[in-house]
Amino acid sequence: MAPISIAPSARNGEVENNPCSACPVRELTVCGALDEGELSKLSEIVRVRRVGAHQTIFSEGEAADSVYNVTAGTVKLYKLLPDGRRQITGFLFTGDYIGLSMHERYAYTAETVTSASLCHFQRRQMDALLKEHPKLQQRLFNMASNELEAAQDQMLLLGRKTAKEKVVSFLLAMSARLARRGQKENPVPVPMSRSDIADYLGLTTETVSRTFTALKSHGAIRLLEGNKVDLVDRQRLQDLAEGG
């Protein structure tokens, strides 16, 4: 596993004294539940980290002694099946929380898709802070509930939909996620590879690529520079996602 570097400050190469108060995405994270005065305690236990693309943050089976906020970039979560195949269980973005576990070891591997920025907390220190601030605990509970809902949607994708329905539902879900966060919902950033999307949807890479090409040929989407997808005909996409 490649090392994860601690982000240097602009002047002396040390971690910023109070990164939480100046965090531009705080309202998207679990930390958004805290007021300015309470953030000082959070700042005492955080380590700001920068991680390159395609680097492992933690691996399935390792001791679950750390948790993270994603403050920039994209992360994928996956499990390895007994036959060596990979099942991606989710993609995380700015504001998401990684490492929440009811057990002593991680149940999945977290790996960066793009370069990413993370706030790293020791699990025992974060647990103590959660007990001290119930509203922080409630915020985390709400985020975990959203993850459970996403997992249920994923089960539907894998079990009942065709390849085209899966790909279209994936794009619409990415767009809806942006809208819930008050961000521009179209075009949709798709930084993950076709292989990653395939391992998330339970398809082959070739099937995912052919489906994107077919959707483009029929005018439903446009593939833009910067790994973005323009949802040109949203009504048609909605119909396709529902089997129309």
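Here, residue 1 is the first one in the sequence, and each next residue gets the next number.
Taking each heavy atom of Ile98 and Ala110 in turn, the nearest pair found is CG2-CB, 4.1 Å. Across every non-hydrogen atom of Asp196 and Ile88, the tightest pair is O-CD1, 3.3 Å. Scanning all heavy atoms of the two residues, the minimum distance from Ile221 to Val232 falls at C-CG2, 3.8 Å. Scanning both residues, Leu224 and Pro187, for their nearest heavy atoms gives CD1-CB, 3.8 Å. Contact record, Glu104 with Arg123: CA-NH1, 4.2 Å, taken as the closest heavy-atom pair. In plain terms, the two heavy atoms of Cys119 and Val46 that are nearest each other are CB-CG2, 3.6 Å.
Sorted by first then second residue, the salt bridge (Lys or Arg N to Asp or Glu O under 4.0 Å) pairs that include residues 218-228, not counting sequence neighbours, are Arg222-Asp230.
Under the side-chain contact (heavy atoms from CB on, under 4.5 Å) criterion, Ser195 pairs with Arg86, Ser193, Asp199, Thr205, sequence neighbours left out. For Arg210, there are no salt bridge (charged side-chain N to carboxylate O under 4.0 Å, His left out) partners, not counting sequence neighbours. Checked against salt bridge (charged side-chain N to carboxylate O under 4.0 Å, His left out), Arg234 has the following partners two or more places apart in sequence or in another chain: Glu185. Arg177 pairs by the side-chain contact (heavy atoms from CB on, under 4.5 Å) definition with Phe93, Asp96, Arg180, Arg181, not counting sequence neighbours. Residues passing the side-chain contact (heavy atoms from CB on, under 4.5 Å) test with Ala63 are Asp65, Arg105, sequence neighbours excluded.
When the options Thr162, Ile197, Val167, Thr211 are evaluated for a side chain to side chain contact (heavy atoms under 4.5 Å, CB included) with Leu203, the one that passes is Val167.
Side-chain polar atoms of Ser169 and Lys161 form a donor-acceptor pair below 3.5 angstrom. In summary, the side chains of His120 and Ser66 do present a donor paired with an acceptor at a separation below 3.5 Å, with no hydrogens or angles considered. Side chain to side chain, Thr204 and Thr207 meet the donor-acceptor criterion of an N or O pair below 3.5 Å.
Residues Leu92 and Thr74 form no side-chain contact, since every pair of their non-hydrogen atoms from C-beta on lies 4.5 Å or further apart. Between Glu60 and Tyr106 the shortest side-chain heavy-atom distance does not fall below 4.5 Å.
Leu178 and Leu172 fall into different hydrophobic clusters, defined by Ile, Leu, Val, Met, Phe, Trp and Tyr side-chain heavy atoms under 4.5 Å apart, directly or through other members. Linking ILVMFWY side-chain heavy atoms closer than 4.5 Å, directly or via other members, places Leu223 and Leu215 in a single hydrophobic cluster. With hydrophobic clusters built from ILVMFWY side chains whose heavy atoms lie under 4.5 angstrom apart, Phe212 shares a cluster with Leu201. Using a 4.5 Å cut-off between side-chain heavy atoms of Ile, Leu, Val, Met, Phe, Trp and Tyr, with links allowed through other members, Ile45 and Val67 fall into the same hydrophobic cluster. Placement of Val113 and Leu80 within a single hydrophobic cluster is found when ILVMFWY residues are connected by side-chain heavy-atom separations under 4.5 Å, directly or transitively.
Once rounded to the nearest 0.5 Å, the distance linking CZ of Phe91 with NZ of Lys76 reads 7.0 Å. Annotation: the span from Gln122 atom CD to Asp127 atom CG amounts to 11.0 Å, rounded to 0.5 Å. Taking OH of Tyr68 as the reference point, atom CZ of Phe58 lies at 7.0 Å (rounded to 0.5 Å). Taken from CG in Leu231 to CG in Leu237, the straight-line distance is 6.0 Å, to the nearest 0.5 Å.
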Determine, stepwise, if the pair Leu118 / Thr71 fulfils side-chain contact (heavy atoms from CB on, under 4.5 Å). CA-CA 6 Å; Leu118 305 168; Thr71 55; 5.8 Å; no
Intermediate values then yes/no, side-chain contact (heavy atoms from CB on, under 4.5 Å), Phe170 and Met192: CA-CA 12 Å; Phe170 169 74; Met192 61 289 294; 3.9 Å; yes
Check the pair Lys164, Leu240 against side-chain contact (heavy atoms from CB on, under 4.5 Å), reporting the backbone distance first and the verdict last. CA-CA 7 Å; Lys164 182 178 290 185; Leu240 287 172; 3.9 Å; yes
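A cation-pi arrangement is not found for Arg47 relative to Phe121, the charged atom failing to lie both closer than 6.0 Å to the ring centre and inside a 45° cone about the ring normal.
For Tyr200 and Tyr78, the ring centers are positioned 6.0 Å apart or more.
For the pair Ser117 (side chain) and Ala72 (backbone), a donor-acceptor distance under 3.5 Å is absent. In this structure, the side chain of Glu62 engages the main chain of Ser59 through a donor-acceptor pair within 3.5 Å.
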